[in-house]
Peer 1: 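Have a look at this one.
A, B, ... follow the sequence lines: proteins, then strands. Residue 1 opens every chain.
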Amino acid sequence: MSDAAQAPAQPHLYLVDGSSYIFRAYHRLPPLTNRHGQPAGAVYGYTTMLWKLADGLSKADGPTHMAVILDASEQTHRNRMYDQYKAHRPPPPEDLVPQFPLIRVATRAFSIPCIEEDGLEADDIIACYVAAAKSAGWKVTIVSSDKDLMQLIDEDAGIDMLDTMNDRRIGREQVLEKFGVPPEKVGEVLALMGDSVDNVPGVPGIGPKTASQLIQQFGDLETVLGSTDQITKPKLKQSLIDHADNARLSRELVRLVCDAPLPEPLDGLVLKNIPKEPLEEFLADQGFKSLLNRLHGGGVQQTGATVRNDVMAAMDAKSPAAPITEKIDVDRSKYETIIDEPSLDRWIAEARAQGYVALDTETDCINCIIARLAGISLATAPNRACYIPVGHIGGDLLSDAPQQLPESLVLEKLKPLLEDPAVIKIGHNFKYDWVMFDKAGTDVAPVDDTMVMSFDLDAGKSFGHGLEELAKAHFDHECIPFKQLCGTGSKQITFDKVQLGPATEYAGEDADITLRLWLWLKPRIAAEGATQVYERVDKPLVPVIGRMERRGVKVDRDYLARLSSEFGRDIQSLEEKIYEAACGPFTIGSPQQLGEVLYGRLGLKGGRKGKSGQYSTDVNELERLAGEGVQCASLVLEWRQLTKLKSTYTDALQAQINPQTGRVHTSFSLTGAQTGRLSSNDPNLQNIPIRTEIGRKIRDAFIADEGYKLLSADYSQIELRLAAQMADVPQLKEAFRNGVDIHSLTAEELFGRVDRDRRNQAKTINFAILYGSSAWGIAGRLGLPKDEGKAIIDRYYERFPGIRAFTHSTLSFVREHGFTRTLFGRRTHFLPNIRSPNPSIRAGAERAAINAPIQGTSADLIKRAMARMDDALREAGLGDVRMLLQVHDELVFEVPNGREEEAKAVIKKVMASAAEPAIRLDVPLDVEVGWGAHWGEAH
DNA sequence: CCAATCCCATA
DNA sequence: GTATGGGATTGGA
């Protein structure tokens with residue numbers, strides 16, 4: 001492409017895929033209504049999108065020509081090719097139907113041409129315009145995220161796509177990322193994988209991954225079909241042979257028509273200044289006030305706010321729209337490497353003057369307990385970042401360490417800044433950095449943690465909370481991948497061996513992005529009601545958890561080793577018995593082989609096959625067989641238990657003991673569970689066995705330091721108590737106040753009498769309620785026919801009408817707003833699944849949505865207790881008591897001998913009053929406390 | 001060496 | 001039926 005063709009005079013056509021946009025907008029945006037009370041959420045989203053696009057008229061690379069393309073008719077040439085095409089597509093939701101005509105009205109209001117043509121789908125019309133514009137030498141941007149249209153991308157010819165929903169440009173590189181093949185090969189991949197929504201058959205067993213891999217290997221569909229002899233997987237090969245015709249048909253179905261006559265000539269699509277009157281009339285008619293204000297205020301020229309923010313503003317006029325921040329591209333070349341004192345002093349002064357600074361520590365290891373510092377990066381403004389190396393060494397034996405300031409000097413100079421109460425220190429996953437500085441004797445405060453902020457705002461959304469992922473989601477920015485610096489696998493190097501140049505770009509970017517995230521997220525915390533949960537619950541927990549991780553818990557290595565060999569012997573002898581019962585050896589640990597042995601070799605009946613065609617051999621199945629007297633099944637069950645205990649616990653735990661401290665230091669994740677719970681990893685100390693006697697032995701390996709005891713305090717039935725509170729069930733609340741056994745009470749209400757079986761059934765049902773289970777699910781769990789399950793749940797609702805009301809109101813709230821809330825305001829998001837057209841996905845989201853407020857409130861409570869615990873203990877003169885672990889409803893402490901009763905009183909008080917003063921509960925929170933030489937004894 | 005799958009430990 | 005993390009096997013890079 002010549003320079004002349006890229007001159008500003010080159011026309012740039014924007015083709016808006018209106019039909020697909022409105023579907024996606026419907027599922028992604030809240031169900032707003034317009035001034036007439038008609039559903040208009042999708043129309044609103046569509047209007048703001050057109051606004052933004054049209055607004056680019058005068059901008060560089062903005063549209064000079066524009067058209068909206070719609071689907072006109074149901075019947076197209078594809079139906080003639082294949083009568084099943086789009087045959088199973090469900091009808092559009094009923095509150096979307098009335099919005100279709102409004103799309104044309106909205107488009108006319110902008111005075112933009114709206115193009116549809118009988119017998120052609122929108123995709124085809126777009127393809128025709130792309131072809132015409134391409135030969136005329138125009139640039140084209142297709143505004144859509146439809147994967148079928150990605151076939152048309154041709155960056156050399158200036159043809160790309162724009163996904164306004166995610167504010168993302170799609171070019172060759174993005175297509176490669178998604179499909180593993182360039183745009184011109186996308187049709188080949190689509191043909192193989194098929195499309196269940198449009199009912200394009202594809203080849204069974206081939207999904208996106210395999211399709212992409214095959215096309216990468218063979219180039220196109222025909223070559224794949226002609227090369228089946230080179231395909232090693234037998235199932236895949238057969239499927240390709242059997243369904244070759246379907247694959248060829250699919251290839252034609254996904255091929256876009258690009259040579260039909262244009263309904264409107266290219267020149268007719270020129271974008272002129274948009275007359276104000278029709279637009280004003282439309283916005284006023286619909287009652288889109290925030291847009292109307294913008295039309296009257298800054299006019300169409302004002303930009304910056306996203307569609308999402310407009311919707312927030314439309315939903316609640318009081319909530320301020322997010323600040324309009326101009327996007328500044330990340331420029332890593334602006335970052336400085338600090339290797340002299342005056343420069344360091346300058347940065348410290350700058351941070352102090354500013355009042356906030358983002359920082360990130362780089363180390364040689366992801367485990368912060370044993371990690372050594374490599375360097376520290378700071379950022380004070382977008383693109384204004386520096387990296388201070390302190391622990392870099394040469395990349396290999398021959399090279400010397402680079403010149404850098406001594407670690408002790410840097411830490412000494414930074415300490416006053418890091419401890420300055422007037423300067424906010426911002427980190428991403430700040431727990432890690434906090435531990436690094438704590439090890440150096442610096443108590444960093446005050447802090448903000450952008451990872452926790454993201455979690456408190458966006459838990460449950462489609463993106464996680466890692467720095468790179470958030471950079472992508474919020475700024476459409478790709479961070480330097482860590483493996484690009486350090487490699488991967490066995491050739492991976494540690495960060496302290498990275499050259500200072502690349503290290504500065506990487507570390508500076510981390511601090512830079514962290515700062516940008518803070519600027520972006522901080523205003524949202526208050527605007528979206530997350531202040532209570534962030535400021536009072538999660539933020540204060542960052543150093544608390546950091547301290548717990550540093551303390552670790554003492555583990556008796558010799559005892560674990562003895563258990564390991566004991567288990568090992570038992571496993572051996574079980575294996576011999578199993579081989580005997582199975583008439584020959586096999587890999588017991590392989591579910592595949594075990595299934596073959598049980599249902600093949602031994603010829604047992606009743607095997608359940610799962611979706612992969614493999615026999616299920618889980619506990620339920622094996623227990624069923626064992627109950628029928630199958631020796632082999634009960635032996636395998638025992639073998640499974642012992643191998644699980646040995647590999648996951650006795651062996652793995654020994655390996656996790658830190659040689660310096662003789663203790664195990666887990667890592668708690670503050671953002672691991674969508675409901676607000678913590679999670680624990682490396683090792684996971686939240687799933688140490690307790691239910692079986694033999695598993696319980698593992699708990700005895702957790703011991704107290706010399707002169708201390710382990711104390712365990714746990715909330716009794718906290719989730720049921722919270723359910724009784726939140727659903728407002730008088731009998732249940734009363735029972736909890738009087739210390740009545742709750743499952744017996746439920747059995748009495750449901751069955752009119754109480755015995756062991758009925759109490760157990762009632763217990764199952766009580767839990768099923770917490771988990772949002774259906775009548776069908778309860779019946780399955782209790783082993784009853786479906787109608788009896790339904791009868792039981794009806795009776796439950798009849799006896800406890802509050803539960804039904806709670807379920808109902810939780811679901812209608814989440815359907816409307818897309819999120820649930822705990823008593824303390826923590827939100828968990830459930831879009832898009834809560835509105836999924838797929839009933840099983842939707843039902844899954846509904847169960848999770850019923851559980852989330854209860855599980856989440858329980859998580860909030862114990863977190864509030866934890867945040868207050870250290871101060872309360874210190875005030876009681878129990879500064880020596882160490883909080884070590886949290887297991888969702890339990891806290892484990894190390895308490896000096898003789899102080900157990902005192903500690904018990906304080907801990908119980910803090911935990912029982914954790915809701916106060918924010919919330920007044922009508923149900924007491926019971927806390928059970930025990931202690932002993934080891935964890936097993938403390939229960 | 002990596003991922004998908006199955007199974008299983010906890011609350 | 002909810003929420004997690006992790007080990008072993010398997011099959012293909």
Peer 1: At under 4.0 Å, does any side-chain N or O of A:Gln592 touch on OP1 or OP2 of C:dG11?
Peer 2: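 Yes, such a contact exists.
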Peer 1: Using a distance-only test with no angle check, is there a side-chain donor-acceptor pair under 3.5 angstrom linking A:Gln855 and A:Thr675?
Peer 2: yes
Peer 1: Over all strands shown, is A:Ser680 touching base, sugar-phosphate only, or nothing at heavy-atom distances under 4.0 angstrom?
Peer 2: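 Sugar-phosphate only.
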Peer 1: Report which part of the nucleic acid A:Asn684 touches: base, sugar-phosphate, or nothing (heavy-atom distance under 4.0 Å, all strands).
Peer 2: sugar-phosphate
Peer 1: Set out, in order, the CA-CA distance, both residues' side-chain angles and the distance that settles side-chain contact (heavy atoms from CB on, under 4.5 Å) for A:Leu598 and A:Leu622, then state yes or no.
Peer 2: CA-CA 10 Å; A:Leu598 291 173; A:Leu622 292 186; 3.7 Å; yes
Peer 1: Round to a whole Å and report the spacing from CD of A:Glu890 to P of C:dT4.
Peer 2: 20 Å
Peer 1: Tell me: NE2 of A:His888 to C1' of C:dG5, nearest whole Å?
Peer 2: 10 Å
Peer 1: Heavy atoms under 4.0 Å, any strand shown: does A:Thr828 hit a base, just sugar-phosphate, or nothing?
Peer 2: nothing
Peer 1: With a 4.0 Å cut-off on heavy atoms, is A:Gly772 in touch with a base, just the backbone sugar-phosphate, or nothing at all?
Peer 2: nothing
Peer 1: Do A:His829 and A:Asp458 get their side chains close enough for a donor-acceptor pair, meaning under 3.5 Å?
Peer 2: no
Peer 1: Please state whether the phosphate of C:dA3, meaning OP1 or OP2, lies under 4.0 angstrom from any side-chain nitrogen or oxygen of A:Thr675.
Peer 2: no
Peer 1: Examine the side chains of A:Ser667 and A:Asp682 and answer whether a donor and an acceptor come within less than 3.5 Å of each other.
Peer 2: no
Peer 1: Less than 4.5 Å apart, side chain to side chain, heavy atoms only: is that true for A:Leu823 and A:Leu921?
Peer 2: yes
Peer 1: Looking only at non-hydrogen atoms, find the nearest pair between A:Arg815 and A:Glu846 and report the distance.
Peer 2: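 Where A:Arg815 meets A:Glu846 most closely, the heavy atoms are NH2-OE2, 3.1 Å.
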Peer 1: Categorize A:Ile769 for me: base, sugar-phosphate, or nothing, with a 4.0 angstrom heavy-atom threshold over every strand shown.
Peer 2: nothing
Peer 1: Taking only side-chain nitrogens and oxygens of A:Arg847, does any of them come within less than 4.0 Å of OP1 or OP2 of C:dT2?
Peer 2: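 So the side chain of A:Arg847 is within the cut-off, an N or O lying under 4.0 Å from OP1 or OP2 of C:dT2.
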Peer 1: Taking any heavy-atom pair under 4.0 Å as a contact, classify A:Arg691: base, sugar-phosphate, or nothing.
Peer 2: base
Peer 1: Considering every strand and a 4.0 Å limit on heavy-atom distances, what is the contact class for A:Glu719: base, sugar-phosphate, or nothing?
Peer 2: nothing
Peer 1: Tell me what A:Ala673 touches on the nucleic acid: a base, only sugar-phosphate, or nothing, going by heavy atoms under 4.0 Å.
Peer 2: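 Sugar-phosphate contact only - A:Ala673 comes under 4.0 Å of backbone atoms but never of a base.
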Peer 1: Can you measure A:Lys237 atom NZ to C:dG11 atom P for me and round it to whole angstrom units?
Peer 2: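 The answer, rounded to whole Å, is 17 Å.
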Peer 1: Establish, yes or no, whether a centroid distance under 6.0 Å links the rings of A:Phe702 and A:His934.
Peer 2: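 So the answer is no for these two rings.
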Peer 1: Within the 4.0 Å heavy-atom criterion, would you say A:Thr643 contacts the bases, only the backbone, or no part of the nucleic acid?
Peer 2: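 No contact at all - A:Thr643 keeps every heavy atom at 4.0 Å or more from the nucleic acid.
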Peer 1: With side chains defined as the heavy atoms from C-beta onward, is the minimum distance between A:Leu710 and A:Leu884 less than 4.5 Å?
Peer 2: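 Result yes, sub-4.5 Å side-chain heavy-atom pair found.
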Peer 1: Reading DNA chain B in the 5' to 3' direction, which nucleotide is the first one with an atom under 4.0 Å from a heavy atom of chain A, and which is the last?
Peer 2: B:dC2 to B:dA11
Peer 1: Just call it for A:Thr617: base, sugar-phosphate, or nothing, with non-hydrogen atoms closer than 4.0 Å on any strand.
Peer 2: sugar-phosphate
Peer 1: Between A:Gln855 (CD) and C:dT2 (P), how many Å, whole number?
Peer 2: 11 Å
Peer 1: Under 4.0 angstrom, heavy atoms only, what part of the nucleic acid is A:Ile688 near: base, sugar-phosphate, or nothing?
Peer 2: sugar-phosphate
